[in-house]
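Presented below is the structure to which this report refers.
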Amino acid sequence: MKVAVFGNSVDSGFIPVLDKFFHFFKQNKIEVQLYKPFYNHLISNLEFTPFYNTFFHSHTDFDLTNSFIFSIGGDGTFLQTLQCIQHYDIPMVGLNSGRLGFLADIAEDEVEDALAAIFNGQFDIIERSLIDVKLEGETAQLDFNYALNEMTVLKTDSSSMINIKAYLDGEFLNNYWADGLIIATPTGSTAYSLSVGGPVLTPDAMNFVITPIAPHNLTVRPLVVPDTQEVVLKVSGRGSHFLTSLDSNSTSVEISTIIRVKKADFKLKTLSLKGHSFLSTLRNKLMWGADKRN
């Protein structure tokens with residue numbers, strides 16, 4: 001059996017977890033393809049030597065026979081794992097070295113039990129929809145035009161708002177005067193969209209959430225729409241450019257650019273351990289029930 005391991009950076013306090021993590025693979029004779037920049041970080045900054053068999057640098061030299069992709073870090077690292085691998089049939093597993101961790105939900109204190117459960121087949125596969133983004137009229141296209149969490153349009157300066165005209169399947173929806181606009185997947189409903197007042201969706205919901213960022217009109221609220229509809233955005237404002245962000249990757253595009261957003265024609269497989277349901281994650285991460293009245 002082969003697995004891949006991706007990461008960016010962790011601090012020295014995470015070394016005992018890494019030791020257990022890589023020791024499991026060595027002890028069970030599981031081949032490891034390790035992300036080379038992460039290996040360099042572990043060697044140079046932590047003086048930790050992980051067990052591995054081969055390296056990969058990007059999706060171009062990634063071994064498609066890997067059974068799982070382990071992402072070590074927080075949810076941001078999980079998103080970067082997708083952008084680096086750009087492969088969608090191999091389940092992704094998140095080992096959380098960060099804080100909140102909706103996607104990277106294996107905690108430090110359960111790594112050994114979690115690995116044993118995974119390689120004994122005691123898990124569920126959750127298929128998550130992605131967003132497909134096309135830029136019309138922009139010469140510089142996106143390297144990877146898919147997002148697991150959200151696509152965001154943002155102003156480029158700290159003063160004036162931008163005007164975003166939104167259309168659903170060709171029908172005019174609204175004229176958003178705001179700092180920006182988020183189009184989130186069900187997975188992304190617990191990320192940026194949630195922080196600006198958007199609703200939470202379960203991962204299997206077949207919807208997008210359209211959430212304005214600091215709208216000037218107080219009657220403008222987040223909207224849940226079917227993910228079968230194409231969303232088209234046309235931006236205007238005082239500046240010549242605005243920002244388009246897919247998950248954690250942002251690029252500046254010309255103000256005349258038209259953005260087309262639709263559901264991708266594939267899904268990302270993520271692995272969920274028994275007892276790690278989405279509802280239990282909500283209760284644990286958002287501390288639902290901490291108030292005894294709940």
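As a basis for the values below, the full set of heavy atoms in this structure was taken, side chains included, without hydrogen atoms, waters or symmetry mates.
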Can you give each donor-acceptor pair under 3.5 Å made by side-chain atoms of residues 32-43, sequence neighbours left out, with the distance rounded to 0.1 Å?
residue, atom, partner, partner atom, Å
Q33, OE1, D63, N, 3.0
Q33, OE1, N66, ND2, 3.0
Q33, NE2, F55, O, 3.3
Q33, NE2, D61, O, 3.1
K36, NZ, N40, OD1, 3.1
H41, ND1, N45, ND2, 2.8
H41, NE2, V10, N, 3.1
H41, NE2, V10, O, 3.1

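A side-chain donor from one of T81 and S71 sits under 3.5 Å from a side-chain acceptor of the other. If you check the side chains of T187 and R128, you find a donor sitting under 3.5 Å from an acceptor.
Its side chain within the 4.5 Å cluster rule, L201 clusters with V209, V224 among the Ile, Leu, Val, Met, Phe, Trp and Tyr residues. The hydrophobic cluster containing V196 also includes L154, I182, Y192, I213, L243, under a criterion of side-chain heavy atoms closer than 4.5 Å among ILVMFWY residues, counted directly or through chains of members.
With sequence neighbours excluded, the residues satisfying salt bridge (Lys or Arg N to Asp or Glu O under 4.0 Å) with D124 are K274. Under the side chain to side chain donor-acceptor pair (under 3.5 Å) criterion, S193 pairs with T211, not counting sequence neighbours. Residues meeting the salt bridge (Lys or Arg N to Asp or Glu O under 4.0 Å) test with K234, sequence neighbours left out: none. For K263, the salt bridge (Lys or Arg N to Asp or Glu O under 4.0 Å) partners are D227, not counting sequence neighbours. With sequence neighbours left out, the side chain to side chain donor-acceptor pair (under 3.5 Å) criterion links T49 to no other residue. Checked against side chain to side chain donor-acceptor pair (under 3.5 Å), Q83 has the following partners two or more places apart in sequence or in another chain: N249. Residues passing the side-chain contact (heavy atoms from CB on, under 4.5 Å) test with P226, sequence neighbours excluded: T228, Q229. For K29, the salt bridge (Lys or Arg N to Asp or Glu O under 4.0 Å) test picks out no residue, with sequence neighbours left out. Applying the side chain to side chain donor-acceptor pair (under 3.5 Å) rule to N8 yields the partners Q80; only residues at least two apart in sequence or on another chain are considered.
Looking at F68, Y52, F70 one by one, the single match for ring-ring contact (aromatic ring centres under 6.0 Å, His included) with F25 turns out to be F70.
Residue I255 is not grouped with residue Y167 when hydrophobic side chains (ILVMFWY) are merged at heavy-atom distances under 4.5 angstrom, including chains of intermediate members.
More than 12 heavy atoms of other shown residues, nucleotides or ligands fall within 6.0 angstrom of atom NE2 in H57.
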